[in-house]
Amino acid sequence: MDVSIEGQQMAVQPGASCADALGLALSKKKAKQVLACRCGEALLDLTTTVPEGCAELVPVYEDSDEGVHLLRHSAAHIMATAVKRLYPDAKVTIGPAIDSGFYYDFDYVRPFTPEDLQAIEAEMAKVVAEDAPFERSVMSAAEATKFFADQGETYKAEIIADLGAETVSIYKNGSFTDLCRGPHIPSTGRLKAFKLTSVAGAYWRGDEKNRMLQRIYGTAFADEKALKKHLQRIEEAKKRDHRKLGTQLDLFSISEEAGPGMIIWHPKGALVRTILEDFERKEHLKRGYEIVQGPQILRQDLWERSGHYENYRENMYFTQIDDQAYGVKPMNCLSHMLIYKSRVRSYRDLPQRYFELGVVHRHEKSGVLHGLLRVRQFTQDDAHILCRPDQLQEEIIGIIQFVGDVMGLFGFEFELELSTRPEKSIGSDEDWERATAALEHALKTVGLPYDINEGDGAFYGPKIDIKLRDALERSWQCATIQCDFTLPERFDLVYIGDDGERHRPVMLHRVILGSVERFIGALIEHFAGAFPTWLAPVQARLLTVTDAQNEFAAKALAALKARGIRAEADVRNEKLGYKVREAQMDKIPYILVIGDKEVEAQGLNVRLRTGENLGLKPVEEVAGLIVADCQEPFKRGGMSYSFAAS
RNA sequence: GCCCACGUAGCUCAGUAGGUAGAGCACAUCCUUGGUAAGGAUGAGGUCAUCGGUUCAAAUCCGAUCGUGGGCUCCA
């Protein structure tokens, strides 16, 4: 039969293996770099017979994304091989390749220590040196169950039972045999560069009711160079960590004395927040929202009525005032409901868009707290939109555009997810379908790509989530848009329609930044601490060469401040190089040097934090430069904004 | 909440056989007035997270608690 391989038509003998077939077309050198191959969607081992009717065989090279993925999957097997040799009583469970490497979960009587990891890594090197082939075979489910059960591998037996398939494939490399769909690299010797990175606990099947297993993480690459590069990249990313930069730039702190998950904003960080919030308030007003504000604690009865007491109690804080039970708000919706209810609403009044920078408290489990990204008290840029069903579509589109404009302002790339009805949910099928269709249609209208997260919606309605990634590629939810039928029902919200009858409005919960804390954390990492000029707590610092320029420095400083620029002067008795270094490390956008030449010319010597030097310019010109720089990012979204502290 | 690791000066970290603590930066004082990433000298600063135990003696060994980090579960 004729098979196309990298553009060449090859006559392949029936029954030939993929390796044989590829060998016809590829040079020896290239063939050596092939780990597996693909026929259509199917990934195949090189030992597999070329499937009948296969028109094209695509080699999977070790340095391709697919190849590295394969390498990592096989590395997981090799790790399990080593673990079983060193700790025969350990039971194997699952071990997939993941974005950054691979892991394997084991059930063992004691936790693995860092020393164990070293030993396992050394044993893996031996397994690799043995260069044993990965051999695939197929067994009936019953046979396989017995095979694994006989070895005490109860988890594998459980997995086979759950698969419900008649036959399963297994892979053997040397002494170790594992249940696996495959494919795998030809032999263990093909694993050239790997490293075990950490041990962690992980629940069997990700359920906290199950036994906790020992998960060993590792990573693998096509060669040592790529591995080294990866490890270096992680080191670099750690320098962008917002927790580190938060301390270095004196933005915020978290004090053990004050309590975990509570952010203490220092002057510079609080200023960044203030500017961001000021921008948001103005932008919301422009987009037809009204600013509202509710109390921090509300009576418990109200939380019972909303369903929060029943569904969200473990995350809430409660208190008692004059024998009355109160709940500290974990969400802002309740007072917004009450505002709507405070008078009769006409269909002409809708949509009502209530915006609140609301401070919420949530009792998060201690193990999940993470710098600014996961805290117990945070501020949401929250809004609730109450509208007629026929307005739903347009409102959702407006929100998605809002999110797009704001993310574009910061140059954030984000991922969109549409989450549909979960198993445990309330409301009619009709409502769910309509709301999901509205969300999906809106996504299509704005033309942004999105993933569907089947069954991951809130219990009261479907939602769109917007996720950003941190320096270490972990993804964090920021913006979210949620449809809700329950609250309008529970609070009996109505409007009078043009027919004079009472109708139920539809409600949207939405945040744009999500949490101000989390968003600033993401911003710090995104910009590596170098905030865009409009957000930078200090926009310009004047550096004098000697104290002979102090007088002019004061004059120039006043001139910049008069233009609303956040500037300060460094007139300390230090060398210029020292002051430049410090300003540079403080990531100040404009470093303005004043020596005798500048005094004489009544100008400033402009150095950017990139190291670029713009030379000597009149003070007014520099001010104009900085002011224009602040405007720049807003042009993209057709927005405008200015924050002037003075 | 669960698993593992960690907690020494404001920050970054030494402290390797248990014998009452060190460096660099930052800070203070003095000298130095020096053009684009660190000038010099001197000084101050720590109940070694907290509590308890073992020991003649604990930063060091053991336990508990609190906190942090990496994961799991959960979520803005």
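When reading the values below, keep in mind they use all heavy atoms of this one structure, side chains included, and skip hydrogens, waters and symmetry mates. A note on names: the letters A, B, ... follow the listed sequences, proteins ahead of strands, and every chain is numbered from 1. These numbers were taken from a predicted model, which means no experiment stands behind them.
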**OP:** Identify which nucleotide among B:U36, B:C3, B:G1 has an atom closest to any side-chain atom of A:Asn605, counting heavy atoms from C-beta outward.
**Re:** B:U36
Original post:
Side chain of A:Lys575: nearest nucleotide among B:G39, B:C72, B:G35?
Top reply: B:G39
Subject >> Watson-Crick or G-U wobble mate for B:C30, both contacts under 3.5 Å >> reply: B:G40
Subject >> Selection from B:G34, B:A38, B:C3 that lies nearest to any side-chain heavy atom of A:Met212 >> reply: B:C3
Subject >> Donor-acceptor pair (no angle test) under 3.5 Å: A:Glu364 side chain, B:A76 base >> reply: yes
Subject >> Under 3.5 Å: donor-acceptor pair, side chain of A:Trp476, backbone of A:Leu468 >> reply: no
Subject >> B:G67 to B:A49 separation - P atoms, rounded to the nearest Å >> reply: 16 Å
**OP:** Check the side chains of A:Arg273 and A:Thr379 for a donor-acceptor pair under 3.5 angstrom, ignoring hydrogens and angles.
**Re:** yes
Subject >> Watson-Crick/G-U partner (both atom distances under 3.5 Å) of B:G18 >> reply: none
Original post:
If you look at every strand shown and take non-hydrogen atoms under 4.0 Å, does A:Lys597 touch a base, only sugar-phosphate, or nothing?
Top reply: base
**OP:** Just compare B:C27, B:G1, B:U36 and give me whichever is closest to any side-chain atom of A:Val593.
**Re:** B:U36
Original post:
Taking the side chain of A:Ala200 as heavy atoms from C-beta outward, which of B:G1, B:G7, B:G70 is closest to it?
Top reply: B:G70
Original post:
If we take the C1' atom in both B:U16 and B:C11, what is their distance in whole Å?
Top reply: 25 Å
**OP:** Remember a base hit wins even if backbone is also touched, and classify A:Arg215 as base, sugar-phosphate or nothing at under 4.0 Å, heavy atoms.
**Re:** sugar-phosphate
Original post:
Using purine N1 to pyrimidine N3 plus N6-O4 or O6-N4 for Watson-Crick, or N1-O2 and O6-N3 for G-U wobble, each under 3.5 Å, what pairs with B:A76?
Top reply: none
**OP:** Determine the contact category for A:Asp596: base if any of its heavy atoms lies under 4.0 Å from a base atom, sugar-phosphate if only primed atoms, P, OP1 or OP2 are that close, otherwise nothing.
**Re:** base
Subject >> Donor-acceptor side-chain pairing of A:Tyr217 and A:Arg215 below 3.5 angstrom >> reply: yes
Original post:
How is A:Glu598 classified with respect to the nucleic acid when contacts are heavy atoms under 4.0 Å: base, sugar-phosphate, or nothing?
Top reply: base
**OP:** Write down the distance separating the P atoms in B:A21 and B:A44, rounded off to the nearest Å.
**Re:** 16 Å
**OP:** Determine: side-chain N/O of A:Arg205 to OP1/OP2 of B:C72, distance under 4.0 Å, yes or no.
**Re:** no
**OP:** Grab the CG-P distance between A:Leu369 and B:C2 for me, whole Å please.
**Re:** 14 Å
Original post:
Between B:C72 atom P and A:Glu208 atom CD, what is the distance in whole Å?
Top reply: 13 Å
**OP:** Find the distance A:Gln482:CD to B:A76:P and express it as a whole number of Å.
**Re:** 6 Å
**OP:** Please work out if A:Asp465 contacts a base, only the sugar-phosphate, or nothing of the nucleic acid, heavy-atom cut-off 4.0 Å.
**Re:** nothing
Original post:
Applying the side-chain hydrogen bond (donor to acceptor under 3.5 Å, both in side chains) test to A:Asn332, which of A:His384, A:Gln293, A:Gln380 qualifies?
Top reply: A:Gln380
Subject >> Atom-to-atom span, CG of A:Leu249 to C1' of B:U12 - whole angstrom >> reply: 15 Å
Original post:
Considering only side-chain heavy atoms of A:Glu256, which listed nucleotide, B:A5, B:G67, B:A76, is closest?
Top reply: B:G67
**OP:** Would you indicate whether A:His308, at its atom NE2, is surrounded by more than 12 heavy atoms from other residues, nucleotides or ligands within a distance under 6.0 Å?
**Re:** yes
Original post:
Is the aromatic ring of A:Tyr217 within stacking range of B:G71, meaning centres under 5.5 angstrom and planes under 30 degrees?
Top reply: no
**OP:** Any chance you could lay out the ring-ring contact (aromatic ring centres under 6.0 Å, His included) test for A:His69 and A:His73, step after step, and finish with the verdict?
**Re:** CA-CA 6 Å; A:His69 191 81; A:His73 184 191; 7.5 Å; no
**OP:** May I ask you to verify if any side-chain N or O of A:His363 is less than 4.0 angstrom from the OP1 or OP2 atom of B:G1?
**Re:** no
**OP:** Could you tell me which nucleotide pairs with B:G10 by Watson-Crick or G-U wobble geometry, both distances under 3.5 Å, or answer none if nothing does?
**Re:** B:C25
Subject >> Base B:C74 to side chain A:Arg374, donor-acceptor N/O within 3.5 Å cut-off >> reply: yes
**OP:** Could you check which nucleotide pairs with B:U68 in any of the strands shown, counting Watson-Crick or G-U wobble with both distances under 3.5 Å?
**Re:** B:A5
Original post:
How is A:Val516 classified with respect to the nucleic acid when contacts are heavy atoms under 4.0 Å: base, sugar-phosphate, or nothing?
Top reply: nothing
Subject >> Side chain of A:Ser198 (C-beta onward), nearest among B:G70, B:A76, B:U33 >> reply: B:G70
**OP:** Using only side-chain N and O atoms of A:Arg474, determine if any of them is under 4.0 Å from OP1 or OP2 of B:G71.
**Re:** yes
Subject >> Assigned partner base of B:G45, Watson-Crick or wobble definition, under 3.5 Å >> reply: none
**OP:** Take the protein atom NZ of A:Lys365 and the nucleotide atom C1' of B:C3, then report the distance between them rounded to whole Å.
**Re:** 14 Å
Original post:
Within 45° of the six-membered ring axis of A:Phe221 and under 6.0 Å from that ring's centre, is NZ or CZ of A:Arg72 located there?
Top reply: yes
Original post:
How close or far is atom C1' of B:G1 from atom NZ of A:Lys209, stated in whole angstroms?
Top reply: 13 Å
Original post:
At under 4.0 Å between heavy atoms, what does A:Gly577 touch on the DNA or RNA strands: base, sugar-phosphate, or nothing?
Top reply: sugar-phosphate
**OP:** Give the C-alpha distance, both sets of side-chain angles, the deciding distance and a yes or no for side chain to side chain donor-acceptor pair (under 3.5 Å) between A:Gln549 and A:Asp596.
**Re:** CA-CA 7 Å; A:Gln549 295 92 35; A:Asp596 285 338; 2.8 Å; yes
Original post:
Across all strands shown, which nucleotide pairs with B:G35 by Watson-Crick or G-U wobble geometry, both distances under 3.5 Å?
Top reply: none
Original post:
A:Gln477 side chain N/O closer than 4.0 Å to the phosphate oxygens (OP1, OP2) of B:A76?
Top reply: yes
Original post:
Any side-chain donor paired with an acceptor under 3.5 Å for A:Thr420 and A:Glu454?
Top reply: yes
Subject >> Close approaches to RNA chain B from residues 229-246 of chain A, in residue order (heavy atom, under 4.0 Å) >> reply: A:Arg243
**OP:** Apply the test ring-ring contact (aromatic ring centres under 6.0 Å, His included) to residues A:Phe412 and A:Phe519: give CA-CA distance (whole Å), side-chain angles for both, the deciding distance (0.1 Å), then the verdict.
**Re:** CA-CA 11 Å; A:Phe412 266 125; A:Phe519 194 78; 5.6 Å; yes
Subject >> Short side-chain N/O contact from A:Tyr578 to OP1 or OP2 of B:A26, under 4.0 Å >> reply: yes
**OP:** For a side-chain hydrogen bond (donor to acceptor under 3.5 Å, both in side chains) with A:Thr544, tell me which candidate from A:Lys579, A:Glu574, A:Glu598 qualifies.
**Re:** A:Lys579
**OP:** Among the candidates B:G71, B:A37, B:U73, find the nucleotide nearest to the side-chain atoms of A:Arg607.
**Re:** B:A37
Subject >> Sugar-phosphate only, base, or nothing, as touched by A:Gly367 at under 4.0 Å among non-hydrogen atoms >> reply: base
Subject >> A:Val368 side chain, from C-beta outward: closest of B:U73, B:U36, B:G7 >> reply: B:U73
Original post:
Reckon A:Leu213 touches a base, only the sugar-phosphate, or nothing at all at heavy-atom distances under 4.0 Å?
Top reply: nothing
Subject >> 5′-ward residue of the pair A:Ile594/A:Gln214 relative to RNA chain B >> reply: A:Gln214
Original post:
How far apart are the closest heavy atoms of A:Met79 and A:Ile216, and which atoms are they?
Top reply: CE-O, 3.4 Å
Subject >> Interatomic distance where CD belongs to A:Glu551 and C1' belongs to B:U33 [whole Å] >> reply: 17 Å
**OP:** For A:Leu196 and B:A5, give me the distance from atom CG to atom P, rounded to whole Å.
**Re:** 17 Å
